[in-house]
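Inspection log for the structure reproduced underneath, given as structure tokens.
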Number of protein chains: 2
Amino acid sequence: MDGADRGGESAPQVVPGASEPGGQGELAGPDGPGEVGSTMPASGRPPALTDVARLVGVSHQTVSRVVNNHPGVRPRTRERVLAGLRELGYRPNPAARALATGRSRTLGVLALTGTLYGPTSTLYAVEQAARAADYQVTVVSLHSLDPGAVRQALGRLLAGGIDGVVAIAPLLDATDALSAVATRLPLVAVEGRPDGNIATVSVDQEHGARTATEHLLAAGHPTVRHVAGPSDWYEGAGRIAGWRAALEAAGAAVHPPLAGDWTARAGFAAGRQLAHEPDLTAVFVANDQMALGVLRALREGGRRVPEDVSVVGFDDIPEAAYFSPPLTTLRQDFTEVGRQSLRSLLEQVETGATGRAHVVIPPELVLRRSTAPPP
Amino acid sequence: MDGADRGGESAPQVVPGASEPGGQGELAGPDGPGEVGSTMPASGRPPALTDVARLVGVSHQTVSRVVNNHPGVRPRTRERVLAGLRELGYRPNPAARALATGRSRTLGVLALTGTLYGPTSTLYAVEQAARAADYQVTVVSLHSLDPGAVRQALGRLLAGGIDGVVAIAPLLDATDALSAVATRLPLVAVEGRPDGNIATVSVDQEHGARTATEHLLAAGHPTVRHVAGPSDWYEGAGRIAGWRAALEAAGAAVHPPLAGDWTARAGFAAGRQLAHEPDLTAVFVANDQMALGVLRALREGGRRVPEDVSVVGFDDIPEAAYFSPPLTTLRQDFTEVGRQSLRSLLEQVETGATGRAHVVIPPELVLRRSTAPPP
DNA sequence: AGGACAAATGTTAGCGCTAACATTTCGCCG
DNA sequence: CGGCGAAATGTTAGCGCTAACATTTGTCCT
């Protein structure tokens with residue numbers, strides 16, 4: 001198990017109205033305590049505010065005030081209402097609430113289908129941050145991020161009545177489709193191009209790539225090759241730019257990057273090509289999954305890692321430490337990405353402002369055994 | 001990219017009311033066509049049924065009938081209403097609908113945080129199947145699957161007003177917590193213990209494990225060791241059982257399985273132990289990520305795969321084909337799992353029946369280069 | 001003790017939609 | 001050509017909640 005995955009769930013167990021608006025406790029047990037007077041609701045439908053009100057002998061509005069923790073309810077009254085709430089196992093009806101307030105306390109997440117480490121981790125991180133803020137998360141997944149598909153997915157989300165959207169949309173093209181919507185709906189683009197009119201949160205890809213490249217140059221490698229991600233991806237482009245910048249700053253030769261698509265398969269193909277190049281000593285691969293493919297290709301081509309060739313990846317997927325050899329790579333803090341996205345989004349939701357802030361999170365170099373000085 | 005991830009999105013682009021209840025089209029352009037008569041709604045809030053009704057000159061109920069594609073509307077009227085709908089960029093308000101009908105067209109998915117291949121793939125598969133049925137998906141993720149956490153997550157989901165739950169809850173213990181809820185709410189457990197009172201959908205773990213083991217025995221290996229998943233996981237227990245059954249049927253020695261937790265780290269630890277055993281010739285590892293660790297440990301221990309030792313995994317993660325050597329493993333069809341889960345769930349939602357069906361999906365052996373006859 | 005004011009509680013009116021029933025319109029037959 | 005029945009449309013009443021305002025109750029001062 002990934003160590004970070006452990007640690008107790010700490011969402012507070014809230015009795016209705018105890019402290020948070022809309023808080024809810026354990027699964028209610030309406031079929032609980034006895035003494036259900038004649039005030040018991042017709043037992044077909046779940047108890048509503050008025051049922052509790054009738055039972056306790058107050059108005060439904062007072063019950064509502066208790067449930068929502070509004071001020072101006074006498075402690076004695078509050079106690080009695082709370083008891084009634086518990087007795088009937090009341091749960092607020094979210095649809096009614098949404099209808100009355102115009103807010104659903106639901107956020108939409110636009111996610112990319114697949115098992116790419118970054119997007120998946122971000123999805124979960126966003127969900128957790130949202131839960132902490134007492135929001136629900138509705139997911140819409142996409143196979144592709146072309147503008148049409150993005151627009152359609154946003155439409156689906158909009159139809160679902162959400163309060164805001166976190167778009168995990170690392171494709172550069174997607175940004176425009178998002179901008180069009182962002183004027184009408186709070187939206188944060190994760191790993192989106194930050195030059196639009198929209199709020200973004202992203203990991204500093206360029207910085208990471210520069211770090212990786214400089215690490216290799218500093219070890220004495222004359223230059224560094226790059227197995228790139230798709231250049232229409234934000235991350236792909238950023239990593240290419242950072243790698244190139246580092247080489248140019250050091251006056252090292254800049255060979256054209258080899259294009260990949262994030263998959264181990266593509267990494268393997270690129271690695272095979274590289275394995276033929278006699279002066280190859282260092283490769284920066286745009287993500288760990290491709291690096292896995294590169295590693296296998298190099299080994300099969302008779303190049304030892306790290307003795308003959310050094311390899312650096314990007315992502316630090318949990319398996320990276322168990323590649324052969326363990327992979328030096330850049331770790332991205334997706335939990336932080338999720339947290340920041342939510343912060344930025346809720347700020348928009350709550351103030352009504354359109355967001356334009358760009359949050360950038362630095363990645364961190366993790367040294368393992370796949371890098372060494374050149375032979 | 002994972003090949004299966006490709007292929008065009010085919011969700012139909014529905015004009016409101018064209019064919020499905022609640023269908024919705026592109027992002028509406030209310031700021032679109034001109035000629036906005038005096039019937040235009042006070043432009044603060046989005047257009048409602050009554051706005052369209054007023055514009056067209058019919059009752060809001062007629063508009064509702066058109067939107068929901070109910071019969072008994074004259075073609076001419078329908079046309080006029082559709083035009084009005086389009087002109088104002090009408091979108092049904094889901095909260096109002098949910099309040100009036102008692103159904104939210106939203107399903108909850110209980111998912112396990114982390115980057116485990118199975119649960120993640122299942123989540124996306126369920127989302128896609130739900131979308132095809134015109135349901136939304138709300139996700140609640142969990143770090144751990146102990147009964148308390150499961151109960152709490154279900155409570156959160158319930159508070160969100162969903163129509164049913166798909167619980168991706170592979171832990172045996174979780175089943176009881178689910179049963180408690182299933183009597184009040186449509187629920188399907190994916191990879192849950194099928195002996196409860198609840199509907200389940202799962203891959204036939206035992207069958208898969210037996211297949212893997214038999215494949216190795218058939219190649220001539222005297223016996224097969226097992227690096228197991230946690231035995232309190234449904235998959236973990238099932239794979240142990242299948243492996244054991246195959247060995248016993250063949251009269252082969254049954255060494256105690258080595259316990260793991262699905263991570264590459266655990267696989268590495270187990271692999272190190274195994275590397276010391278001189279008579280080791282074949283290992284069945286309970287998932288691919290652990291198999292990666294085993295592979296590295298064996299190599300570092302001087303045992304060649306497959307020349308000295310054969311290894312079989314489980315899952316067929318996209319990277320498995322790029323391990324060194326490429327891994328023989330069992331592929332699970334998660335798309336089918338998602339589809340079946342949804343079918344079973346919607347059956348419950350729509351008929352009101354409590355589900356008890358157990359759907360089982362067979363896995364498929366994928367032969368690669370990590371298996372060979374013993375030395 | 002009598003207000004004056006604040007605190008506590010109650011009342012009313014929607015939010016936007018659907019379901020059930022009421023009414024109108026139309027086609028068609030005797 | 002009147003009237004019957006079905007088809008088409010309209011009317012009404014909630015769903016459960018919150019927000020705004022109205023009313024009652026309590027508290028404190030002079």
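Order of the sequence lines sets the chain letters (A, B, ...), proteins ahead of strands, with each chain counted from 1.
Formation of a donor-acceptor pair under 3.5 Å by the A:Asp163 side chain with backbone atoms of A:Arg105 is found in this model. Between the side chain of B:Gln348 and the backbone N or O of B:Leu187 there is at least one donor-acceptor pair closer than 3.5 Å. A distance-only check finds a donor-acceptor pair linking the side chain of B:Arg80 to the backbone of B:Val56 [under 3.5 Å]. Remark: the backbone N or O of A:Gln340 is not paired with any side-chain donor or acceptor of A:Ser344 at under 3.5 angstrom. Under the 3.5 Å distance criterion, the side-chain polar atoms of B:Asn68 are left unmatched by any main-chain donor or acceptor of B:Arg65.
At whole-Å resolution of the value, CG in A:Asn69 and P in D:dT18 are 13 Å apart. In this structure, A:Asp51 atom CG and D:dC17 atom P are separated by 9 Å, rounded to whole Å. At whole-Å resolution of the value, CZ in A:Arg78 and C1' in C:dT9 are 13 Å apart. Atom pair B:Leu99:CG and C:dG16:P shows a separation of 12 Å (rounding to whole Å applied). Here the P atom of nucleotide D:dC15 and the CG atom of B:Leu49 are 19 Å apart, to the nearest Å. For the pair A:Arg103 CZ and D:dG16 C1', the computed distance is 19 Å after rounding to whole Å. Rounded to whole Å, atom P of D:dC17 lies 16 Å from atom CZ of A:Arg105. Taking atom CZ on B:Arg45 and atom P on D:dA19, their separation rounds to 18 Å, with Å as the unit.
Comparing D:dT12, C:dT12, C:dT9 by their nearest atom to the side chain of A:Val73 picks out C:dT9. Distances were taken from every side-chain heavy atom of A:Tyr90 (C-beta onward) to each of C:dC17, D:dC17, D:dT11; the shortest belongs to D:dC17. Listed candidates were C:dG16, C:dT11, C:dT18. Nearest to the side chain of A:His60 is C:dT11. The B:Arg65 side chain lies nearest to D:dG10 when the options are C:dT11, D:dG10, C:dA19. Of all nucleotides listed (D:dG16, C:dG16, D:dG10), D:dG16 comes nearest to the side chain of A:Ala96. For A:Arg97, the listed nucleotide lying nearest its side chain is D:dT18; candidates were D:dT18, C:dA20, D:dC15. The side chain of B:Ser59 approaches D:dG10 more closely than any other nucleotide in the set D:dC17, C:dG16, D:dG10.
Regarding contacts with the backbone of C:dT18, a side-chain N or O of B:Ser64 is found under 4.0 angstrom from either OP1 or OP2. Phosphate proximity of C:dG10 to A:Thr62: present, with a side-chain N or O under 4.0 Å from OP1 or OP2. Taking 4.0 angstrom as the limit, A:Arg74 places a side-chain polar atom (N or O) nearer than this to OP1 or OP2 of C:dT9. Dashed line: the shortest gap from a side-chain N or O of B:Asn68 to OP1 or OP2 of C:dT18 is under 4.0 Å.
B:Thr77 comes within contact range of the sugar-phosphate backbone alone, with a heavy-atom separation under 4.0 Å but no base atom that close.
Checking A:Val165, A:Val188, A:Val150 one by one against A:Leu178, the side-chain contact (heavy atoms from CB on, under 4.5 Å) holds for a single residue, A:Val150.
Taking the nucleotide of DNA chain C with the nearest heavy atom to each of B:Ala100 and A:Thr101, the more 5' of the two is matched to A:Thr101. Residue-to-nucleotide proximity on DNA chain D shows that, of A:Gln61 and B:Gly72, the 5′-proximal contact is made by B:Gly72.
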